[in-house]
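Reading through the structure tokens given below for one structure.
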Amino acid sequence: MTGLCAAERMAGRKTSWSAPLWMGGLLIWLWGLGWLTAWKVMSYATGQDPRIYLHFAEAIRADGYSLEAIARCTRWVVPGYPLLLAAVLDGLGIFAAYWINLPIFFVFIWLLIIVLRRFASPTEIGLTLLLFFWIVVTGHPLNPHYLFLPFRGLIEWTWMLGGLVIALPGTDPGASDRFRYRRAAGTALWLMGGVLFRETILFILPPLGLIWLWQGVRGNRGAWKALAALMGPPILAFLVFLAWKWARQEPLMNSQVKMWVTGLLRGGFAKPFPLLLADILRLMGAELRAVGLIGLAAGTGWAVVRREKTVFILAVTAGLLVLFYAVYKSHVRYTLSALGLVALIAGWGGAVTLTWVARRLSPRWRIALNAAVMLLVTAFILRAIAAIDTWGPRISPQDVMALQRHPLAAEPVVFVEKDNRHLVDALVAFTSAEPKDPVLEGAAITTFEGAFFMRPLDDKGRTAIQQGVSAENGLKQYVDIVPFGDEIMLGDTRLQVCRLAAWSQRQVVFDLAMAPGQAAGVLWLDFKAGVAADSVQVDLRVGTEIQPPIVLHQPAGLLPVWVQAGVQQATNLHVEIRSPVPLPADVEPVFVPTGGVRWLTMEAGRLPSVRGLLGEGFEDQPPQAKHGAAWRERAEIDLPALAGPAPATVQVAVTLRLLPRPVSDATLQGSLARLEESTAATKWQIPAGRGEGRATWKGHGAGPVPPLVLTAEPWPADCWYLRVERIGISFTATAEPG
């Protein structure tokens, strides 16, 4: 039956005039669905990855397409896609680059039809195209954005299919040696050009090489020449590229390659390779869903029965892509490259199975069944497109042009609330202003006096409440925020334009409630990145009783201040802080009664003062990283010194909440002790299979507390790191030794 079906398909291609019309209609129809999808997701403020490519494109244009600008681009990504975007921006304007993937999508479908025609009938091609598109677009909400916004995923598939169109005729057993050699050489050159757009395009070389290797082993001498022509040029070009980078004293590995190599050598940033691989396979299974998995099984089975080389190439390439990305990180965007190839196999499997069933029906019922399935899948696609959301607010060309006309567009720096990603994207893509996050910028904010700050407003004109540490709170630590007098609309978001003025606040006053029975305790003050003064004075009043002033010398970060018990029971604590130079606008006072614990969360705090507790041994990660408090084997914790008239002896208790990542099959254990005082160490243990544990240390001292040393040994092979999620610190007055 397989031979008969193939003969029927070949005869249909030769005699039926309707086949080209059918293929052309499919091409236009699927391209139209792509237009609908692109229109639905379109916003002139994209997500992180598309924004990066647009940023590099603008940098290349600004430098006149110089080799220096292109070399800078290669430190992060290969330059082909940014160069393409730059050319489109030059030729068609600032908005054209957002639609560049639509013509690429047209070429992709055309190449896909050419490839499928080698082993599928027109009906099977139509079903495969529709099922493929439905599986990918509905697999994950980010897929349509990565396909139709400025992102390299679609051009990767297109270039791979172009390589197949060139190579496949040369793999036919009846091909002449000369024809086979030329096809292999042409494929190598084509894929080498594709490396300018995405490195992983070369992953299609191994399965093609295996086919010619198999043919060579079976006695086809021309296959050996084809194999040499396929693999030789890329290897030579790679060596020349390394020599060029070395001669220009450029790093041999760009940032992405470094991340991949680091993941390979260290077993992944967050998890060992087997767990990352399992995560990616799970994500792909969720994207394929039950129908896709059934289609994949059917497509694999039909490929074995029909001995289809193309399906073998798609499957091996998809497997290599999965293994490649599993070295670094499991994320849905890393599944898209392989998912498209797997979805082709699944779509073809469903199409072949349906046409196999239809052949057992009469011609009239056969046509009706195929048409009904195509209409049903099309209805599913249209329904999915209707449910797609834009990536953030829908920013119009009018919004962009209003942003460009505002004076802030010409500023070198604009500070932005971190949750307003669409504003960051718009500033990077359409202006020369560099958006900065004040929470991460720290004390460097003071060097940008006079810069703009975009304050997000809700529909009632009040400042919107943000999650975590807001940009405005971060700015208030260093500068005064002065409204500029106007607002900007981006989509449905109102933004108040503000200027940053010199920091002026030299006195802060707080009133804190004290529960009945709370006598002595600790007042925690957060001086952020520090105060540029020799000393500041803290005045405390417990109820009506004024306590002696406390002088803090060069305060910085978190400082605990001892509050003495009042003679009379009080319910409020009045705090005044005076300084000869400006103070942080909010030193975030927190009162903890004696013996109470002040918990500091590493992720939620994200401020320099909280991060300052992490000393030697902790990984140098940005504050927003979830594994920013990660460590292995040994690390130091720098505890703040207790200020104020504390009793002669104070007991200090420190409790750490530890999280192994990933959870280890072995028991984790170690110690927590003062530096160079291992005899007073306390032991901690996390049983095998447990996701968290605690380490607690107790000691004495009213002055500076030496760093605590946190150790873990022996280190298990299946645990990448331990993370300190929370640190709890408690001060308690103790009796004089008698």
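One is the number of the first residue; the rest follow in order along the sequence. Keep in mind that the numbers below use all heavy atoms, side chains included, and drop hydrogens, waters and symmetry copies.
Smallest separation of non-hydrogen atoms from W697 and A673: CD1-CA, 4.1 Å. A629 and W631 make their closest contact through O-CD1, 3.7 Å (heavy atoms, listed as atom of the first residue, atom of the second, distance). Taking all atoms of both residues into account, the shortest heavy-atom contact from R632 to C719 is NH1-O, 4.0 Å. Between A451 and V413 the shortest heavy-atom distance is CB-O, 3.8 Å. Shown here for P645 and Q564, the closest heavy-atom pair between the two residues is CG-NE2, 2.9 Å. Contact record, S579 with A533: OG-CB, 4.1 Å, taken as the closest heavy-atom pair.
At least one donor-acceptor pair closer than 3.5 Å links the side chain of R499 to the backbone N or O of G450. For T682 (side chain) and L672 (main-chain N/O), a donor-acceptor pair under 3.5 Å exists by modelled atom type. In this structure, Q669 contributes its side chain and K683 its backbone to no donor-acceptor pair below 3.5 Å. In terms of modelled atom types and a separation under 3.5 Å, the side chain of R506 and the main chain of P580 share a donor-acceptor contact. Using modelled atom types, no side-chain atom of S730 and backbone atom of A653 make a donor-acceptor pair closer than 3.5 Å.
The closest side-chain heavy-atom distance from I280 to T335 is below 4.5 Å. Using a 4.5 Å cut-off on side-chain heavy atoms (C-beta onward), P82 and V77 make contact. Taking the side chain as every heavy atom from C-beta outward, L710 and V724 approach each other to under 4.5 Å. Between V522 and T594 the shortest side-chain heavy-atom distance does not fall below 4.5 Å. Residues I70 and P79 meet the side-chain proximity criterion, which asks for heavy atoms closer than 4.5 Å. V542 is listed as a side-chain neighbour of V563, based on a closest heavy-atom distance under 4.5 Å. A 4.5 Å side-chain heavy-atom check between P412 and E434 finds every atom pair outside the cut-off. Between L142 and R333 the shortest side-chain heavy-atom distance does not fall below 4.5 Å.
Aromatic pair F452/F415: ring centres not closer than 6.0 Å.
How far CG of L583 is from CD of Q505: 7.0 Å, rounded to the nearest 0.5 Å. Rounding to the nearest 0.5 Å gives a distance of 7.0 Å between CG of L552 and CG of L525. One distance of note links OG1 of T696 with CG of L656; it measures 7.5 Å at 0.5 Å rounding. Between atom NE2 of residue H331 and atom CG of residue D279 there is a gap of 12.0 Å, rounded to the nearest 0.5 Å. To the nearest 0.5 angstrom, L613 atom CG is 6.0 Å from L600 atom CG. In this structure, the separation between CZ on R541 and CD on E576 is 7.0 Å, given to the nearest 0.5 Å.
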Starting from the C-alpha separation in whole Å, work towards a yes-or-no answer on side-chain contact (heavy atoms from CB on, under 4.5 Å) for V592 and W524. CA-CA 8 Å; V592 179; W524 287 85; 3.9 Å; yes
Go through the steps to decide whether L642 and V650 satisfy the test side-chain contact (heavy atoms from CB on, under 4.5 Å), and finish with yes or no. CA-CA 9 Å; L642 182 64; V650 177; 4.1 Å; yes
Steps toward side-chain contact (heavy atoms from CB on, under 4.5 Å) verdict (L540, V575): CA-CA 5 Å; L540 304 176; V575 183; 4.0 Å; yes
With side-chain contact (heavy atoms from CB on, under 4.5 Å) as the criterion, how do E636 and L708 come out once you've worked through the C-alpha distance, each side chain's angles and the decisive distance to 0.1 Å? CA-CA 6 Å; E636 294 181 7; L708 297 182; over 6 Å; no
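Note: Y334 and Y325 have parallel aromatic rings, judged against thresholds of 30 and 60 degrees for the angle between ring planes. The aromatic rings of Y146 and F151 lie tilted to each other, with the angle between the two planes from 30° to 60°.
No more than 12 heavy-atom neighbours from other residues, nucleotides or ligands sit within 6.0 angstrom of NE2 on H55. Applying the 6.0 Å contact sphere to CG of D534 captures no more than 12 heavy atoms from other residues, nucleotides or ligands. No more than 12 heavy-atom neighbours from other residues, nucleotides or ligands sit within 6.0 angstrom of CD on E616.
For the residue pair S671/T711, the side-chain donor-acceptor check at 3.5 Å is satisfied.
The pair R726-E692 does not meet the salt-bridge criterion, since no charged nitrogen lies less than 4.0 angstrom from a carboxylate oxygen.
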